[in-house]
Amino acid sequence: MAQQVFVCNEIEMKDGDVRIVRQDRIEVGVYRHEGAFYAYRNHCLHQGGPACEGIIRGKVVDIYAEDKSFVAQTYDDSEPHIICPWHGWEYKLKTGECAPDPKLRLKRHDVVQREGGVYVVI
Ligand code: FES
């Protein structure tokens with residue numbers, strides 16, 4: 001049966017922070033981004049690595065010249081990605097979708113805010 005597991009007090013988590021919460025054998029990464037909370041199972045769909053322990057980085061965007069030749073790459077910070085630390089699979093922070101294959105996505109968990117606390121449903 002699902003339980004609400006305490007993550008932290010809301011004021012302890014600023015934008016860009018992540019907390020890993022454990023309940024029995026389940027680990028969940030809870031993120032705060034632009035004031036909203038997102039939570040995903042800390043289990044990469046590639047080989048089971050701790051996806052939520054990776055860095056957050058903007059989506060990689062290719063830049064092309066007018067003649068369509070490649071110029072450079074940059075990051076689009078408006079679309080943050082979670083990067084699994086084992087082999088670099090990328091997941092969209094706002095949806096949990098695997099960036100190159102949206103049919104794959106991290107298991108999402110609900111986040112509840114009440115009385116100044118942040119809880120994740122596990
Ligand atoms: S286990 Fe995450 S990229 Fe391989």
Side-chain angles (χ1 to χ4, degrees):
M1 183 172 161
Q3 301 176 46
Q4 292 185 9
V5 177
F6 181 71
V7 178
C8 65
N9 292 312
E10 189 176 338
I11 59 169
E12 296 173 320
M13 223 174 149
K14 62 185 187 316
D15 262 18
D17 282 352
V18 60
R19 296 280 194 283
I20 305 295
V21 177
R22 286 182 189 83
Q23 176 72 10
D24 300 322
R25 295 177 161 213
I26 297 173
E27 286 188 359
V28 175
V30 181
Y31 295 86
R32 188 166 199 176
H33 176 71
E34 296 179 341
F37 289 93
Y38 304 88
Y40 301 104
R41 185 75 52 93
N42 189 19
H43 184 92
C44 181
L45 299 171
H46 178 220
Q47 291 183 353
C52 299
E53 295 174 30
I55 62 168
I56 306 294
R57 185 176 63 202
K59 172 185 174 182
V60 175
V61 177
D62 293 335
I63 300 171
Y64 294 95
E66 284 184 25
D67 67 359
K68 309 281 190 221
S69 63
F70 176 78
V71 174
Q73 287 186 320
T74 188
Y75 297 108
D76 177 358
D77 291 330
S78 70
E79 191 176 321
H81 287 181
I82 301 164
I83 315 294
C84 178
W86 280 12
H87 315 99
W89 276 35
E90 297 190 20
Y91 299 93
K92 296 179 182 180
L93 188 146
K94 295 177 186 174
T95 64
E97 289 176 359
C98 185
D101 186 352
K103 292 188 301 294
L104 303 174
R105 61 174 65 204
L106 296 172
K107 178 172 173 42
R108 188 172 193 141
H109 290 262
D110 290 331
V111 176
V112 176
Q113 294 173 256
R114 63 179 154 82
E115 298 167 5
V118 179
Y119 299 81
V120 64
V121 179
I122 298 178

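In this text, all values refer to a predicted model and were calculated from it rather than measured experimentally. We count ligands from 1, going down the list as the structure has it; atoms in each ligand are counted the same way.
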Asks: Would a distance-only check, ignoring hydrogens and angles, find a side-chain to backbone donor-acceptor pair under 3.5 Å from D76 to G58?
Replies: no

Asks: Relative to each other, are the rings of Y64 and F70 parallel, tilted or perpendicular (30° and 60° limits)?
Replies: perpendicular

Asks: Can any side-chain N or O of Y38 pair as donor or acceptor with the backbone N or O of V111 at less than 3.5 Å?
Replies: no

Asks: Check ligand 1 against G88 and write out every atom of the ligand that is under 4.0 Å from a heavy-atom position of the residue.
Replies: 3 (S)

Asks: Using a cut-off of strictly less than 2.8 Å, determine whether C84 has an N/O/S atom near atom 4 (Fe) of ligand 1.
Replies: no

Asks: Give the atom numbers and elements of ligand 1 that come within less than 4.0 Å of a heavy atom of W86.
Replies: 1 (S)

Asks: Looking at R32 and M13, would you say the former's side chain and the latter's main chain have a donor-acceptor pair under 3.5 Å?
Replies: yes

Asks: Under 4.0 Å from any heavy atom of W89, which atoms of ligand 1 are there?
Replies: 3 (S)

Asks: Counting N and O atoms only, with roles assigned by atom type, does the side chain of Y40 sit under 3.5 Å from a partner on the main chain of L106, one being a donor and the other an acceptor?
Replies: no

Asks: Under a 4.0 angstrom heavy-atom cut-off, which atoms of ligand 1 come close to Q47?
Replies: 1 (S)

Asks: Need the ligand 1 atom indices (1-based, order shown) with element for anything under 4.0 Å from a heavy-atom of C44.
Replies: 1 (S), 2 (Fe), 3 (S)

Asks: Taking just the N, O or S atoms of H87, which one is nearest to atom 4 (Fe) of ligand 1?
Replies: ND1

Asks: Looking at K14, is its backbone amide N or carbonyl O close enough to the side chain of D17 to form a donor-acceptor pair, meaning the two atoms are under 3.5 Å apart?
Replies: yes

Asks: May I ask you to check whether H46 brings an N, O or S atom to under 2.8 Å from atom 4 (Fe) of ligand 1?
Replies: yes

Asks: Measure the distances from the heavy atoms of A51 to every atom of ligand 1 and state whether one is below 4.0 angstrom.
Replies: no

Asks: Which ligand 1 atoms, with their elements, are less than 4.0 angstrom from a heavy-atom of G49?
Replies: 1 (S)

Asks: Closer than 3.5 angstrom, by distance alone: can the side chain of N9 be matched with the main-chain N or O of I11 as a donor-acceptor pair?
Replies: no

